[in-house]
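The structure appears right after this line, and notes come after that.
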2 protein chains.
Amino acid sequence: MGTQTRQSQRRRQVLSRERIVEAAVELLDTEGEGGLTVRALAERLSTGSGAIYHHVGNMGELLQAATATVVAAALPPLRTSTVSPQNPDAPRPPDAPQTPDSTGSPEDAIRAVALGLFDAVLEHPWLAAQLAAQLTRSPWGAVTPRIFESIGRQVRALDVPRRDWFATTSTLVHYILGATAQNAQTPDGTDGGPFPETAAERSEFLDAASRAWQDLDPDDYPFLHDIADQMREHEDREQFLTGIGLILTGITAGAPAG
Amino acid sequence: MGTQTRQSQRRRQVLSRERIVEAAVELLDTEGEGGLTVRALAERLSTGSGAIYHHVGNMGELLQAATATVVAAALPPLRTSTVSPQNPDAPRPPDAPQTPDSTGSPEDAIRAVALGLFDAVLEHPWLAAQLAAQLTRSPWGAVTPRIFESIGRQVRALDVPRRDWFATTSTLVHYILGATAQNAQTPDGTDGGPFPETAAERSEFLDAASRAWQDLDPDDYPFLHDIADQMREHEDREQFLTGIGLILTGITAGAPAG
DNA sequence: ACCTGAACACCGTTCAAGT
DNA sequence: ACCTGAACACCGTTCAAGT
């Protein structure tokens, strides 16, 4: 047990893809979208800029990995951790607690998944733009499948005919991503920079937007003019859940339980 | 009618914000996301890079203006022109199918608005990323209000109680933007570059994605594994309309006509 | 194998200088 | 007022050179 052989705690930890992604997330969280830079990353990891490319290959790939990491942490685990599904001969104790999935309705589980993403975006404002970017850049790869799986399982648990699974899940995922994108609350200030987000600032922000809607020509924008006050007073989270509820109603109304 | 006073067609037209935005759209259309550059723009307009900043002030502002222009062209006019129901100067893509006429039900009008955006994204692949970016950057300003107004008017025409106008419209808009974002069909190739998009390429693309889903560990991704074939065979436009229909069902089921 | 860091080919933006 | 275009302060990425 030499004294100098192990400084693993904090000093010269070997560079790895995992450590780089972790540092990238921290940088994005603290400095904003524009804060993630190969040079900044290298400095934070006490290494040269070129070293990054030995583990990551690409800035886009790094952003994708950072996004995937945060998304995975925000969603329920893929495998229920308590019991291994690979062990069919394991005897079930008669008093075994039911699995977490079976406790609530599928609707509640969908709401939980959606809120997990919603909250992740509040915690990591850069995530909204990244989710959207990833959705447009690699629609079926990268982070989307992870979200699709979490939602789709619950759709399957609803009384949705098999042929509608894909369309139904797509609708939910698209809504969640669209709604989530708008809730980044990163005002316009020339992208990047640390994020605001006190309650007072949010209120001020909505006030300004509401006034802007009210100042629009009522002949061009009669609707916006009408609901400018409704917009100012809306609550993001509540509105988000209302949307989920609307879609769930549409789903179950189309295929009533039988 | 002088011979030399008007060379407005192509030569030394005075630089203007409008002309710059127009050139930006062309550049984005032909060269892809990465093709819009102040230098490229200046060259295309036969001017210096600094001249751009006399009219636009900002790259972000320019992107916003380009997005707003294309979106406005894709949506029905804000004021109904009293006489002619048709819009003669609207540039229609050569193979664009006709959209449902707005003379029908509010539901059909909503579908028409949504399809207008859907088709605009097909025609301008860069639009998907820009819509998403604008949604996250200035959620209530820029292009969102224009879309909100078009959808909201039709929501008002449905039997939705006034207090639900905002939430209902938000839900539709969020879904439309989320679904639209995924339909950019711009594969991963290091953003920018001219876009692909033959039918064969699309099919190949979906095939690869479907195979990728099938190759996932069925213990981690049972749902994706199950619907991989459904994903491959889905038709974007039809799926998009199914989602709209689902939400419309939810809306009318929640507030039945009375 | 892993890392260094100068160098390269780009960006957006500015600004003295021209007309 | 409008435009020019060199210059500035950045980027991401590469690659000979080190260990």
Side-chain angles (χ1 to χ4, degrees), chain A residues 4-5 7-8 11-25 27-28 31-67 126 129-130 133-134 137 188-194, chain B residues 7-8 11-25 27-28 31-67 126 129-130 133-134 137 188-194:
Chain A
Q4 86 291 5
T5 52
Q7 328 94 310
S8 61
R11 263 265 41 140
R12 173 82 10 183
Q13 209 168 351
V14 182
L15 204 57
S16 69
R17 184 185 161 96
E18 199 176 36
R19 236 166 71 83
I20 292 173
V21 171
E22 182 190 350
V25 170
L27 219 37
L28 286 165
E31 309 292 330
E33 287 189 65
L36 179 58
T37 278
V38 177
R39 282 169 178 81
L41 204 52
E43 193 191 12
R44 177 177 264 260
L45 294 166
S46 319
T47 182
S49 36
I52 306 291
Y53 291 88
H54 272 269
H55 298 89
V56 172
N58 212 334
M59 188 76 231
E61 191 186 313
L62 178 56
L63 271 166
Q64 188 169 304
T67 304
W126 52 272
Q130 274 313 305
Q134 238 102 77
R137 244 170 275 279
D188 217 343
T190 323
D191 64 335
Chain B
Q7 330 92 309
S8 62
R11 263 267 42 142
R12 172 81 13 181
Q13 208 169 350
V14 181
L15 204 57
S16 69
R17 184 185 161 95
E18 199 175 36
R19 237 166 69 81
I20 291 173
V21 171
E22 182 190 349
V25 171
L27 219 38
L28 287 165
E31 309 292 331
E33 287 189 63
L36 178 57
T37 278
V38 176
R39 282 168 178 82
L41 204 53
E43 193 192 14
R44 177 179 263 261
L45 294 165
S46 317
T47 183
S49 37
I52 308 290
Y53 291 87
H54 272 270
H55 299 89
V56 171
N58 214 333
M59 188 77 231
E61 192 185 313
L62 177 57
L63 272 166
Q64 188 169 303
T67 304
W126 52 272
Q130 275 312 305
Q134 239 102 78
R137 244 171 276 279
D188 215 345
T190 323
D191 65 335

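Note: hydrogens, waters and symmetry copies are ignored here, and every other heavy atom, side chains too, is used. In what follows, chains carry the letters A, B, and so on, assigned in the order in which the sequence lines appear, proteins first and then strands, with residues in each chain numbered from 1. None of these values were measured; they are calculated from a predicted model.
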> Within this structure, what is the CD-to-P distance between A/E31 and D/dC11, rounded to whole angstrom?
Replying inline: 12 Å
>> Expressed as a whole number of angstroms, how long is the span from A/Q64:CD to D/dG12:P?
In response: 17 Å
> Could you state the interatomic distance from CZ (B/R39) to CD1 (B/I52), rounded to the nearest 0.5 Å?
Replying inline: 11.5 Å
>> By the 4.0 Å heavy-atom rule, please label B/L41 as base, sugar-phosphate, or nothing.
In response: nothing
>> Output the rounded distance in Å from CD (A/E33) to P (D/dC10).
In response: 19 Å
> With a non-hydrogen cut-off below 4.0 angstrom, is B/I52 in contact with a base, only sugar-phosphate, or nothing?
Replying inline: nothing
>> Please report the distance, rounded to the nearest Å, between NE2 in B/H54 and C1' in C/dG12.
In response: 15 Å
> Considering every strand shown, what is the Watson-Crick or G-U wobble mate of D/dG12 when both distances are under 3.5 Å?
Replying inline: C/dC8
> Taking for each residue the nucleotide of DNA chain D bearing the nearest heavy atom, is the 5' side occupied by B/S49 or by B/S16?
Replying inline: B/S16
> Of all the nucleotides listed (C/dC3, C/dT13, D/dG12), which has the minimum atom distance to the side chain of A/R39?
Replying inline: D/dG12
>> Taking the minimum atom-to-atom distance to the side chain of B/T37, which one of D/dT13, C/dC3, C/dC11 wins?
In response: C/dC11
> More than 12 heavy atoms of other residues, nucleotides or ligands under 6.0 Å from CD of B/E43: is that the case?
Replying inline: no
>> Whether B/H55 contacts D/dC3 is assessed here as follows: a side-chain N or O lying under 4.0 Å from the phosphate OP1 or OP2. Is that the case?
In response: yes
> For the pair made of CZ in A/R19 and C1' in C/dC3, what is the distance, rounded to whole Å?
Replying inline: 13 Å
> Is any side-chain nitrogen or oxygen of A/N58 closer than 4.0 Å to OP1 or OP2 of D/dG12?
Replying inline: no
> In the structure shown, which nucleotide is the Watson-Crick or G-U wobble counterpart of D/dC3, with both distances under 3.5 Å?
Replying inline: none
> Taking the side chain of A/V38 as its heavy atoms from C-beta onward, which of C/dC3, D/dG12, C/dG5 lies nearest to it?
Replying inline: D/dG12
> Taking the side chain of B/A51 as heavy atoms from C-beta outward, which of D/dC3, C/dG12, D/dT13 is closest to it?
Replying inline: D/dC3
>> I need the B/L45 CG to B/I20 CD1 distance, nearest 0.5 Å.
In response: 6.5 Å
>> What is the distance, to the nearest angstrom, from the CG atom on A/L45 to the P atom on C/dG5?
In response: 14 Å
> Can you check the A/Y53 OH to D/dT14 P distance for me, whole Å?
Replying inline: 7 Å
>> Rounded at 0.5 Å granularity, tell me how far CG in A/N58 sits from CD in A/Q64.
In response: 9.5 Å
> Expressed in angstrom and rounded to an integer, what is the separation of B/E43 atom CD from C/dC10 atom P?
Replying inline: 13 Å
> Counting distance only, does the side-chain N/O of B/S16 pair as donor-acceptor with the main-chain N or O of B/R19 below 3.5 Å?
Replying inline: yes
